[in-house]
Student: 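Shown below is the structure under consideration.
Everything numeric here is computed off the predicted structure, so don't read it as measured data.
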Amino acid sequence: MRKILFLFLLLFNFVSAQRTISVYFEVDQSSISFEDTKKLVINFQLAHYKVIEVRGYCDARGSVAYNDALAQRRINAVLQKLDDLSISHESATQKVIGKRQLEFPLHAQNRRVELLVEILPKVIELEVKPSLLKREETATPIQETLTPEEQIAEEADQLENQLTQSKVGTIFKIKNLNFVFNSDEIEPLSQPLLDKLLEVMLNFPKLEIEIHGYICCNPDPSDTKLSIRRAHKIYKYLTQNGVDSKRLGYKGFGSSNPVFPLPEKSEAEKAANRRVEILIKHAI
């Protein structure tokens with residue numbers, strides 16, 4: 001039977017179709033650290049970007065000529081790193097700014113290269129049989145059932161909007177960011193959500209959050225030790241990957257305010273109760 005192929009363009013963040021990714025440098029240096037290389041990899045793995053412009057900056061030290069040359073070396077180092085990571089940048093323009101625009105009070109924040117990138121749409125192919133396109137008045141609607149991996153991917157796609165469009169004081173649950181039972185280890189299946197949280201925090205430096213940890217299966221709501229460790233696990237992952245600790249806080253709430261009443265009736269209910277919630281402390 002002949003099959004029809006549909007191409008769907010999934011346009012996300014249409015209003016904010018461009019963003020900036022920054023790479024930072026030590027004093028008088030143009031080599032890229034391992035941590036900033038890891039940030040580049042994470043950013044370009046989690047979204048489909050086109051590099052539009054590469055801008056080189058310096059701090060206030062040194063002459064204009066010296067800083068211009070240093071800014072160009074930093075640009076060259078970033079372009080070489082993009083080549084090493086097989087990230088296309090052929091159409092990108094270069095702009096040497098040096099120390100002409102000192103945007104930040106801290107020298108370290110001015111020693112950087114900025115990548116202006118455009119978010120490209122994702123293209124998904126769906127195979128649809130022609131018979132499914134025929135409308136039948138008596139047809140029963142088909143309910144789509146997502147796999148756990150698809151549910152997590154879908155939630156990750158929505159997470160940026162939740163973090164960047166929520167007002168100060170908003171608390172929302174990261175539904176599928178779950179932990180191994182009686183442990184602060186994150187379920188491997190939940191890693192894409194953690195990566196997405198990191199991506200958003202790196203790309204929106206004004207955003208400040210507080211991480212709330214919860215546990216399951218414990219009738220004593222005052223026992224908060226494990227929930228604190230779980231919240232700290234998220235906090236530590238973010239700070240170790242470049243998020244300023246001043247933008248973060250964490251708390252543990254034990255088994256208080258469970259999603260499902262205690263005692264839980266299934267493993268799914270237990271997994272839902274050992275969760276992470278995010279409080280918006282400063283919106284973008």
Student: Mind listing the closest non-hydrogen atom pair of P219 and S255 along with its distance?
Tutor: C-OG, 4.4 Å
Student: Is it the case that E269 and N273 place a side-chain donor and acceptor less than 3.5 Å from each other?
Tutor: no
Student: Does some side-chain heavy atom of K81 sit less than 4.5 Å from a side-chain heavy atom of V78?
Tutor: no
Student: With respect to D59, which candidate in R112, R111, R74 satisfies the salt bridge (charged side-chain N to carboxylate O under 4.0 Å, His left out) definition?
Tutor: R111
Student: Same cluster or not: I278 versus Y237, using hydrophobic residues (I, L, V, M, F, W, Y) connected whenever any side-chain heavy atoms lie under 4.5 Å apart?
Tutor: yes
Student: Is there a path of hydrophobic side-chain contacts, each under 4.5 Å between heavy atoms of I, L, V, M, F, W or Y residues, that connects I152 with L163?
Tutor: yes
Student: Membership question, hydrophobic clusters at under 4.5 Å side-chain separation (ILVMFWY): are I97 and F25 in the same one?
Tutor: no
Student: How is the hydrophobic cluster of I171 composed, in terms of its other members, when Ile, Leu, Val, Met, Phe, Trp and Tyr link through side-chain heavy atoms under 4.5 Å apart, directly or indirectly?
Tutor: L279
Student: Taking the side chain as everything from C-beta on, heavy atoms only, tell me whether R61 gets closer than 4.5 Å to V27.
Tutor: yes
Student: Indicate yes or no: does R19 engage E199 in a salt bridge with an N to O separation below 4.0 Å.
Tutor: yes
Student: To the nearest 0.5 Å, how far apart are CG in L79 and CD in Q72?
Tutor: 8.0 Å
Student: Step by step, work out the side chain to side chain contact (heavy atoms under 4.5 Å, CB included) result for E149 and L189.
Tutor: CA-CA 7 Å; E149 292 84 356; L189 199 62; 3.6 Å; yes
Student: Is there side-chain contact between Q94 and R55, with at least one heavy-atom pair below 4.5 Å?
Tutor: no
Student: Provide the full list of salt bridge (Lys or Arg N to Asp or Glu O under 4.0 Å) pairs with a residue in residues 87-102, sequence neighbours left out, each pair given once.
Tutor: D68-R100
Student: Checking side chain to side chain contact (heavy atoms under 4.5 Å, CB included) for the pair F172/L159: CA distance, chi angles, key distance, verdict?
Tutor: CA-CA 10 Å; F172 62 88; L159 185 58; 3.8 Å; yes
Student: Can you find a pair of side-chain heavy atoms, one from L198 and one from L202, that are under 4.5 Å apart?
Tutor: yes
Student: Is there a path of hydrophobic side-chain contacts, each under 4.5 Å between heavy atoms of I/L/V/M/F/W/Y residues, joining F204 to I280?
Tutor: yes
Student: Donor-acceptor pairs under 3.5 angstrom involving side-chain atoms of residues 175-184: please list them, not counting sequence neighbours.
Tutor:
residue	atom	partner	partner atom	Å
N176	ND2	E155	OE1	2.8
S183	OG	E185	N	2.8

Student: How long is the span from the CG atom in N67 to the OH atom in Y57, to the nearest 0.5 Å?
Tutor: 14.0 Å
Student: Looking at every heavy atom in both P192 and A156, which two are closest together, and how far apart are they?
Tutor: O-CB, 4.4 Å
Student: Considering only residues two or more places apart or on different chains, which pairs with a residue in residues 238-258 satisfy ring-ring contact (aromatic ring centres under 6.0 Å, His included)?
Tutor: H212-F253, Y214-F253, H232-Y250, Y235-Y250
Student: Can V117 and I52 be said to form a side chain to side chain contact (heavy atoms under 4.5 Å, CB included), step by step?
Tutor: CA-CA 5 Å; V117 297; I52 300 173; 5.9 Å; no
Student: Using the side chain to side chain contact (heavy atoms under 4.5 Å, CB included) criterion, which residues pair with A92? Sequence neighbours excluded.
Tutor: V51, V54, H89
Student: For A71 and C58, which heavy atoms make the closest approach, and how far apart are they?
Tutor: N-SG, 3.8 Å
Student: With no hydrogens and no angle check, do the side chains of D223 and N218 hold a donor and an acceptor under 3.5 Å apart?
Tutor: yes
Student: State the CZ-SG distance between R275 and C216, to the nearest 0.5 angstrom.
Tutor: 10.5 Å
Student: Which pairs count as side-chain hydrogen bond (donor to acceptor under 3.5 Å, both in side chains) when at least one residue sits in residues 20-30, sequence neighbours excluded?
Tutor: D28-Y66
Student: Using only heavy-atom distances, determine whether the side chains of D84 and Q80 contain a donor-acceptor pair under 3.5 Å.
Tutor: yes
Student: Once rounded to the nearest 0.5 Å, what's the spacing between atom CD of E118 and atom NZ of K50?
Tutor: 6.0 Å
Student: Answer yes if L226 and I174 sit in the same cluster of Ile, Leu, Val, Met, Phe, Trp and Tyr residues linked by side chain heavy atoms under 4.5 Å apart, and no otherwise.
Tutor: no
Student: How far does CG of L82 sit from OG of S88, to the nearest 0.5 angstrom?
Tutor: 9.0 Å
Student: So, taking the atom named CE in M201 and the one named CG in L238, what distance separates them when rounded to the nearest 0.5 Å?
Tutor: 6.5 Å
Student: Looking only at heavy atoms, which two atoms of G56 and I75 are closest? And how far apart?
Tutor: N-CD1, 3.5 Å
Student: Compare every heavy atom of S222 with every heavy atom of D220, then report the nearest pair and how far apart it is.
Tutor: OD1-OG, 2.6 Å
Student: Find out whether I215 and R230 are in side-chain contact, i.e. whether some heavy atom of one side chain is under 4.5 Å from a heavy atom of the other.
Tutor: yes
Student: Over all heavy atoms of both residues, which pair between K206 and R247 is shortest? Give the atoms and the distance, please.
Tutor: N-NH2, 4.5 Å
Student: Test your reading of the model: is there a side-chain donor-acceptor pair from S190 to the backbone of I186, 3.5 Å cut-off?
Tutor: no
Student: Between K246 and D244, is there a side-chain N and carboxylate O pair less than 4.0 Å apart?
Tutor: no
Student: Quick check: does any side chain N or O of S166 sit under 3.5 Å from a backbone N or O of Q162, one acting as donor and the other as acceptor?
Tutor: yes
Student: Please assess I209 against H282 for the test side chain to side chain contact (heavy atoms under 4.5 Å, CB included), listing each intermediate value before the final yes or no.
Tutor: CA-CA 7 Å; I209 64 171; H282 189 281; over 6 Å; no
